[in-house]
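Okay, so here's the structure we're looking at.
Everything quoted here is computed from the prediction, not taken from an experiment. Values below: every heavy atom of this structure, side chains too, minus hydrogens, waters and symmetry copies. Each chain gets a letter, A, B and so on, in the order the sequences are listed, and its residues count up from 1.
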There are 2 protein chains.
Amino acid sequence: MNSPHKPYVHGRSDREAERLNYQASKLAELLHHDTSYPPGSRVLEAACGVGAQTILLARKSPGAEFVSVDISRESLFKAKHRVSQEGITNVTFRQADVCHLPFRPETFDHIFVCFLLEHLPDPLLSIKCMKTILRPGGTITFIEGDHGSALFFPDSREAHKVIDCLVQLQREMGGNALIGRELWHLMTDAGFAKVAVSPRTVYADESRPEYTEGVKNIFIAMVEGIQEQAIARGLVDNETWEKGIRDLYRTTEQDGTFCYTFFKATGKKEL
Amino acid sequence: MNSPHKPYVHGRSDREAERLNYQASKLAELLHHDTSYPPGSRVLEAACGVGAQTILLARKSPGAEFVSVDISRESLFKAKHRVSQEGITNVTFRQADVCHLPFRPETFDHIFVCFLLEHLPDPLLSIKCMKTILRPGGTITFIEGDHGSALFFPDSREAHKVIDCLVQLQREMGGNALIGRELWHLMTDAGFAKVAVSPRTVYADESRPEYTEGVKNIFIAMVEGIQEQAIARGLVDNETWEKGIRDLYRTTEQDGTFCYTFFKATGKKEL
């Protein structure tokens, strides 16, 4: 992120990165403020991606030792780079699938998983796999979104339609974009004790520009990303798509509002 | 609520009242914890109903002087009774419509309004009426629900349908059950400054029995209340209705979850 070698372009880039980090930090505070691990504890971060959460996790628990795994070598490379740039030293990385984790049973004191389950064809099975490498008495934490929670003004049938396209496409690919509401049953079905789920609601209006930017750059951009597939598969026609996207942007302008709820769940492996 | 005169029946009734109060108090904490007024301030509670919020308000600001108004004489009678039973002395009551308030301009330091705007045909006009009796520099607070925020597991088309019936019926009666998301534009359109809106999300699963009871006794009971009208007007057929209500109850049982978001807004009348 800090690159002093190309002054002009990276001057702008730095500001952009700073702005994006600021957005991420507002959301991060909401999602992560109550997650920290005691010094000396061994924590698995499953599906770390490019390390967006890794940095936050590692900073909040400087005495804990993190092992962050991801299935993608490319993502791991970016995550490593990011973490080393930030001067963080309590994280090691490994390439692995959450259902074939290269660790002995009961290796970890805690497990942390963010935005993974929505993509898995059998989230319960994956949770059970992760559970085996958790020591008895250890905790597991999940954070997931739920696209069914998107609520906005002005309301728009077409805007809901384009979001539904994303939900349907994710379902066709074996995932579940409405999984936030299911964390309770997934964790209890997996046999965790003391399961506690809490909603984390993000709300954006003109008085919260960092959040309206987040709605545009994170949520709407994500929906826009499936345009081709959605239209190719006949989930929506061009006209509806365009109106839906326009209406979503409209919720971030003028008197518009946008609201979205994440769910965070923690549970304990019984002794 | 405490009536020592009819021991048996009121024994049960007391327990029931206590349970309902407990529920109300969990929700009340979420909605009201950040509302208190300084000693000596004069506060209008508009549309106090039977005084459910009045008690909470008056207790949190024992030094403030409340004037609670409602259009219904019957509700005011109940509110007065409730408040006097609780030993609260800093509230006076008056029968009045929010658009014909019997007070001189700039009479009040603060105004508090809970679950009113959703029922009004012209909420913006009503807000402007209330604004006239607020002194410059004074604050106004609104709390409203938004039925579009209802999100549950197991998901059910029919459950959404019966909620939509309530939304549609309220719209036909001139109200708006989706008004929570509109507080931002209503308050800015009314010319308030420093408008701040925050979502307040309630979430229920088996580990939170006081909330699942709340979902049943408050939300589902409210939906059930419109069955006759909804069917008489042809908004829904009998079979869909029954499945929808059954599916709503199902979200409060076993592995079910239910989530609902209220919105709270505050603003200031400019000096």
Under 4.5 Å heavy-atom distance to chain B, tell me which part of Arg200(A) shows up: side chain, backbone, both or neither.
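Arg200(A) has no heavy atom closer than 4.5 Å to chain B.
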
Hey, could you give me the OG1/OH distance between Thr201(B) and Tyr203(A), rounded to the nearest 0.5 Å?
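It comes to 12.5 Å.
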
Heavy-atom distance under 4.5 Å between the side chains of Phe153(B) and Asp146(A), does that happen here?
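Heavy-atom side-chain distance check fails, nothing below 4.5 Å.
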
Can you find a heavy atom in the side chain of Pro154(B) that is under 4.5 Å from one in the side chain of His185(A)?
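No - every pair of side-chain heavy atoms lies 4.5 Å or more apart.
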
Over all atoms of both residues, closest heavy-atom pair of Phe263(A) and Leu151(B)
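For Phe263(A) and Leu151(B), the tightest heavy-atom pair comes out as CZ-CD2, 3.8 Å.
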
Heavy-atom closest pair, residues Gly256(B) and Trp184(A):
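It is O-CD1, 4.2 Å.
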
[X] atom [atom1], neighbour heavy-atom count above 12 within 6.0 Å:
{"X": "Glu253(B)", "atom1": "CD", "result": "yes"}
{"X": "Met173(B)", "atom1": "CE", "result": "no"}
{"X": "Lys268(A)", "atom1": "NZ", "result": "no"}

Is [X] in contact with chain A via its backbone, its side chain, both, or neither, using a 4.5 Å heavy-atom distance?
{"X": "Glu206(B)", "value": "both"}
{"X": "Leu178(B)", "value": "side chain"}
{"X": "Thr188(B)", "value": "neither"}
{"X": "Phe258(B)", "value": "neither"}

So, applying side-chain hydrogen bond (donor to acceptor under 3.5 Å, both in side chains) with Arg181(B), which one of Asp155(A), Thr251(A), Asp205(A), Thr257(A) is it?
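With Arg181(B) as partner, side-chain hydrogen bond (donor to acceptor under 3.5 Å, both in side chains) holds for just one option, Asp155(A).
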
